[in-house]
Amino acid sequence: MKPLLFLLLLTSAAPLPAAERPNIVFILADDLGYNEVGAYGQEKIRTPHLDRLAAEGLRFTRHRSGAPVCAPARAVLLTGRHLGHCEIRDNKESGIGGEFPSSKAVTFATLLKNHGYRTGAFGKWGLGNNHTTGAPAAHGFDTFFGYLCQRNAHSYYPPYLDSNDGRVPLNDPPIPGHLRKPKGEIRADDYRAETYAPDAIREKALEFLRENKQKPFFLYLPFVEPHVAMHPPQEWIARYPEDWDQGREPYRGENGYLPHPRPRAAYAAMISHLDD
């Protein structure tokens, strides 16, 4: 079914027939550059799965983000409102750990739910915290797991992630996303903890997929990679040449995010981990 026709049918009051309810998986990568995927010209960073999706489907060459920062970009995507009308226009915190909550906006997840879809979001939200008018459950999502607060999402080893039922403890101690080390050796292992959040989010998303594979479903995956801070698993960094960063001063956190001894390889590793 053509996307425009499908969206028009969603606005109708009558439920869509089963044959007209395709399953939808929408993957949103955070801060991924347009040409950092092989299908769009990248030759050094390996993204075989995304490249295959592009080869077997469509490439979107005029698809633009609705905003340059996290929360409003997500709000524009989900509500279809540009920043002249969207309630969320910046990464403005509400004071209770999440973003300034959206209230009146209708998301297309709500429209899908009205047509019998199971809906799940796994990753980075941005429309508000639990127990507010901006919670995922208030905007059409049966299930959520990930980051409700953009600030917490700056860490890949955060103290907690959020679900429909509240905060889920993740790392003790956690690794904050903002540190500097002006002098001394930079070791990547100094900035790792037990649970890498993207892996935990992925597992919850796959659980949703398995539970709902026989039903019409909408799976929204606003993953956090490759947004800084950079502290991907070492096994992925090791897949890239050491000479990418040889002879260069290690990144010491001078731009506000965690230090890393091999920033070029680390950034590529985050993109390949996302692809995997």
Side-chain angles (χ1 to χ4, degrees), residues 26-33 64-79 81-83 86-103 105 107 109 120-141 143-164 166-171 174-180 191 193 195-202 204-205 220-232 253 255-258 267 270-271 273-274:
F26 194 105
I27 303 172
L28 177 67
D30 197 343
D31 276 358
L32 181 69
R64 300 176 184 273
S65 174
V69 290
C70 296
R74 284 156 176 72
V76 167
L77 172 68
L78 289 172
T79 66
R81 294 181 171 184
H82 62 67
L83 290 183
C86 189
E87 297 168 284
I88 299 174
R89 302 181 185 184
D90 202 352
N91 288 338
K92 181 181 178 182
E93 292 188 54
S94 65
I96 56 174
E99 299 310 295
F100 186 82
S102 174
S103 57
T107 70
F122 302 88
K124 194 179 196 179
W125 184 235
L127 276 73
N129 209 336
N130 279 333
H131 313 299
T132 74
T133 55
H139 286 284
F141 285 99
T143 303
F144 174 81
F145 185 76
Y147 298 92
L148 290 176
C149 177
Q150 315 295 303
R151 187 179 300 276
N152 190 38
H154 288 176
S155 172
Y156 284 86
Y157 296 96
Y160 65 89
L161 289 173
D162 297 285
S163 74
N164 287 35
R167 291 183 174 178
V168 178
L170 201 68
N171 288 293
I175 304 296
H178 301 272
L179 288 173
R180 293 187 64 186
Y191 307 103
T195 304
Y196 190 56
D199 289 341
I201 292 169
R202 177 198 63 214
K204 289 291 186 180
Y220 174 47
L221 300 173
F223 289 145
V224 289
E225 291 174 308
H227 191 293
V228 285
M230 293 185 295
H231 38 168
N255 292 324
Y257 291 91
L258 284 181
Y267 187 71
M270 293 171 77
I271 294 173
H273 185 272
L274 167 72

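All values reported here derive from a predicted model rather than from experimental measurement.
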Which pair of non-hydrogen atoms, one from T195 and one from A200, has the smallest distance, and what is that distance? CG2-CB, 4.2 Å
Just so I know, are the side chains of L78 and H139 near enough to count as touching, which here means a heavy-atom distance under 4.5 Å? no
Separation between NE2 of H231 and OH of Y196, rounded to the nearest 0.5 Å: 7.0 Å
For the pair S155 (side chain) and I175 (backbone), establish whether a donor and an acceptor sit closer than 3.5 Å, ignoring hydrogens and angles. yes
Counting N and O atoms only, with roles assigned by atom type, does the side chain of T79 sit under 3.5 Å from a partner on the main chain of T107, one being a donor and the other an acceptor? no
Side chain to side chain contact (heavy atoms under 4.5 Å, CB included) assessment of F223 paired with K124: CA-CA 6 Å; F223 289 145; K124 194 179 196 179; over 6 Å; no
Counting N and O atoms only, with roles assigned by atom type, does the side chain of D162 sit under 3.5 Å from a partner on the main chain of L148, one being a donor and the other an acceptor? yes
So which atom in A71 and which in D90 form the shortest heavy-atom distance, rounded to 0.1 Å? CB-O, 4.0 Å
Decide yes or no for P136 and W125: does some side-chain heavy atom of the first lie under 4.5 Å from some side-chain heavy atom of the second? yes
Quick check: do F145 and S163 have side-chain heavy atoms less than 4.5 Å from each other? yes
Does N152 use its side chain to pair, donor to acceptor, with the backbone of P158 at less than 3.5 Å? no
How long is the straight-line distance from CD1 of I27 back to CG of L221, given to the nearest 0.5 Å? 5.5 Å
Heavy-atom side-chain contact between P101 and I88 under 4.5 Å: no
Chi angles and distances behind the side chain to side chain contact (heavy atoms under 4.5 Å, CB included) call for M230, Y257: CA-CA 8 Å; M230 293 185 295; Y257 291 91; over 6 Å; no
Under the side chain to side chain contact (heavy atoms under 4.5 Å, CB included) test, residues paired with S65 that sit two or more places apart: A73
The single option from L161, N130, N164 that satisfies side-chain contact (heavy atoms from CB on, under 4.5 Å) with F144 is N164
Can you sort out the partners of R151 under side chain to side chain donor-acceptor pair (under 3.5 Å), two or more places apart, ordered by chain and number? E93
Mind checking the CD-NZ spacing from E87 to K92? Nearest 0.5 Å is all I need. 11.5 Å
Atom of M270, atom of A229 and distance for their closest heavy-atom approach: CE-O, 3.7 Å
When rounded to the nearest 0.5 Å, the distance separating CG of D30 from CD of Q150 is 8.0 Å
Classify the angle between the aromatic ring planes of H154 and H227 as parallel (below 30°), tilted (30 to 60°) or perpendicular (above 60°). parallel
Ring center gap for Y220 and F122 short of 6.0 angstrom: no
What's the separation between atom OH in Y156 and atom CG in D199, rounded to the nearest 0.5 Å? 11.5 Å
Taking every non-hydrogen atom, the tightest pair across A105 and S102: CB-OG, 3.5 Å
